Amino acid sequence: MTRYTDAVKLQEKLAPIVITKDKLNKIQTVCGVDVSYKNNDAYAAAVIIDAKTLEVIKQVRKKIKVKTPYVPGLMMLRESKPALSAIKSLKQDFDLLLVDGNGRLHPRKCGLACYLGIILDKPTIGIAKSLLGGKISGSSVILYDEILGGIIEKKGKKIFVSVGHKISLKTALKITGSLVKEGQWLPEPLRLADRLSKDRTEIS
DNA sequence: GCGACAG
DNA sequence: ATCTTGTCGC
């Protein structure tokens with residue numbers, strides 16, 4: 001029994017637990033999380049912004065050792081620990097989580113965003129910058145005869161939005177769109193977390 | 001068997 | 001994701 005097989009079974013077990021309906025209160029703060037790599041180190045960044053002004057409220061950076069390689073469909077094995085570490089380091093609550101990776105738009109309908117959403121029990125949205133699977137039909141992505149993702153295009157580039165947890169695809173698309181600043185491609189929480197995760201300054 | 005494949 | 005120079009475009 002490999003680690004990969006266990007991960008696949010976990011995804012199959014969690015997929016039915018994902019809540020795809022709106023179970024959220026007023027969204028005042030949004031947290032974005034992203035991870036970048038350098039050698040065997042993961043640099044995770046989490047940023048909380050005000051959903052209305054898009055101004056940063058709090059941000060944190062975390063350096064973690066990682067051995068697990070990236071395997072398509074099993075990104076949770078490589079990124080969940082660093083991501084959770086950064087989010088916990090914030091020591092501050094938020095209303096919605098934006099993850100750099102897919103939610104239900106995944107071979108087993110359980111991408112990294114679903115995993116983190118369930119673990120944290122938070123409304124969560126998955127945002128992927130490229131397609132992992134599925135067919136594009138208009139502004140939707142269809143996988144297994146089911147619409148599992150939506151598309152938002154800015155600056156000629158697309159982002160693939162899907163449900164992470166406790167939110168509907170419709171609401172996820174609406175909120176994600178409202179978080180994209182004029183002239184930008186990615187929603188603010190992720191654009192900032194992405195930039196911060198690439199900061200290689202020594203972490204004290 | 002072959003190709004595709006979030007970050 | 002990361003490796004990498006110059007180069008095209010606003």
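Letters A, B, ... are given to chains in the order of the sequence lines, protein chains preceding strands, and every chain is numbered from 1. This one's a predicted model, so the numbers in the text were calculated from it and none came from an experiment.
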### Message
If you count every heavy atom of other residues, nucleotides or ligands that lies below 6.0 Å from A:I27 atom CD1, does the total exceed 12?
### Response
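More than 12 within 6.0 Å, yes.
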What nucleic acid atoms does [X] come within less than 4.0 Å of, heavy atoms only: base, sugar-phosphate, or nothing?
| X | value |
| --- | --- |
| A:K198 | sugar-phosphate |
| A:I159 | nothing |
| A:I127 | nothing |
| A:G73 | base |
| A:R200 | sugar-phosphate |

### Task
Flag the pair A:E12 and A:K9 as a salt bridge only when some basic side-chain nitrogen lies within less than 4.0 angstrom of an acidic carboxylate oxygen.
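A:K9 and A:E12: not salt-bridged.
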#### Entry: Carboxylate-amine/guanidinium contact A:R195 A:D34, below 4.0 Å
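Here A:R195 does not pair with A:D34 in a salt bridge, since their nearest N and O are not under 4.0 Å apart.
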Under 3.5 Å, N/O pairs linking protein and nucleotides 3-10 of chain C:
| from | atom 1 | to | atom 2 | distance (Å) |
| --- | --- | --- | --- | --- |
| C:dC3 | OP1 | A:K38 | NZ | 2.9 |

### Query
In terms of hydrophobic clustering (I, L, V, M, F, W, Y; side-chain heavy atoms under 4.5 Å; direct or indirect links), are A:V47 and A:I175 co-clustered?
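Linked, A:V47 and A:I175 end up in one cluster.
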Donor-acceptor pair, side chain of [X] and main chain of [Y], under 3.5 angstrom:
| X | Y | answer |
| --- | --- | --- |
| A:Q11 | A:G73 | yes |
| A:S162 | A:N102 | no |
| A:K122 | A:F94 | yes |

Calculate the interatomic distance between [X] atom [atom1] and [N] atom [atom2]; express it in whole Å.
| X | N | atom1 | atom2 | value |
| --- | --- | --- | --- | --- |
| A:K109 | B:dA6 | NZ | C1' | 18 Å |
| A:Y70 | C:dA1 | OH | C1' | 9 Å |
| A:L190 | C:dA1 | CG | P | 12 Å |
| A:K67 | B:dG7 | NZ | P | 24 Å |
| A:D100 | C:dA1 | CG | P | 7 Å |
| A:Y4 | B:dC5 | OH | P | 20 Å |
| A:R78 | B:dG7 | CZ | P | 13 Å |
| A:I136 | B:dA6 | CD1 | C1' | 14 Å |

### Side chain of A:D34 - closest among B:dG7, C:dA1, B:dA6
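Given the options B:dG7, C:dA1, B:dA6, the side chain of A:D34 is closest to B:dG7.
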### Message
Reading 5' to 3' and counting Watson-Crick or G-U wobble pairs with both distances under 3.5 Å, write the dot-bracket notation for DNA chain B, | for bases paired outside the strand.
### Response
.......
### Task
Establish, from distance only, whether the side-chain atoms of A:S137 and A:S140 form a donor-acceptor pair under 3.5 Å.
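Short answer, no.
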#### Entry: Closest contact, heavy atoms only, A:V33 versus A:L190
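Residues A:V33 and A:L190, closest heavy atoms: O-CD2, 3.6 Å.
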### Message
Taking only side-chain N and O atoms of A:S130, does any of them lie within less than 4.0 angstrom of OP1 or OP2 on B:dG7?
### Response
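A:S130 to B:dG7 OP1/OP2: side-chain N or O found under 4.0 Å.
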### Message
Please determine whether a side-chain nitrogen or oxygen atom of A:S36 lies at a distance below 4.0 Å from atom OP1 or OP2 of C:dT2.
### Response
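For C:dT2, OP1/OP2 do have a side-chain N/O of A:S36 under 4.0 Å.
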### Query
salt bridge (Lys or Arg N to Asp or Glu O under 4.0 Å) with A:K166: which of A:D95, A:D22, A:D121?
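Exactly one option meets the salt bridge (Lys or Arg N to Asp or Glu O under 4.0 Å) with A:K166, and it is A:D121.
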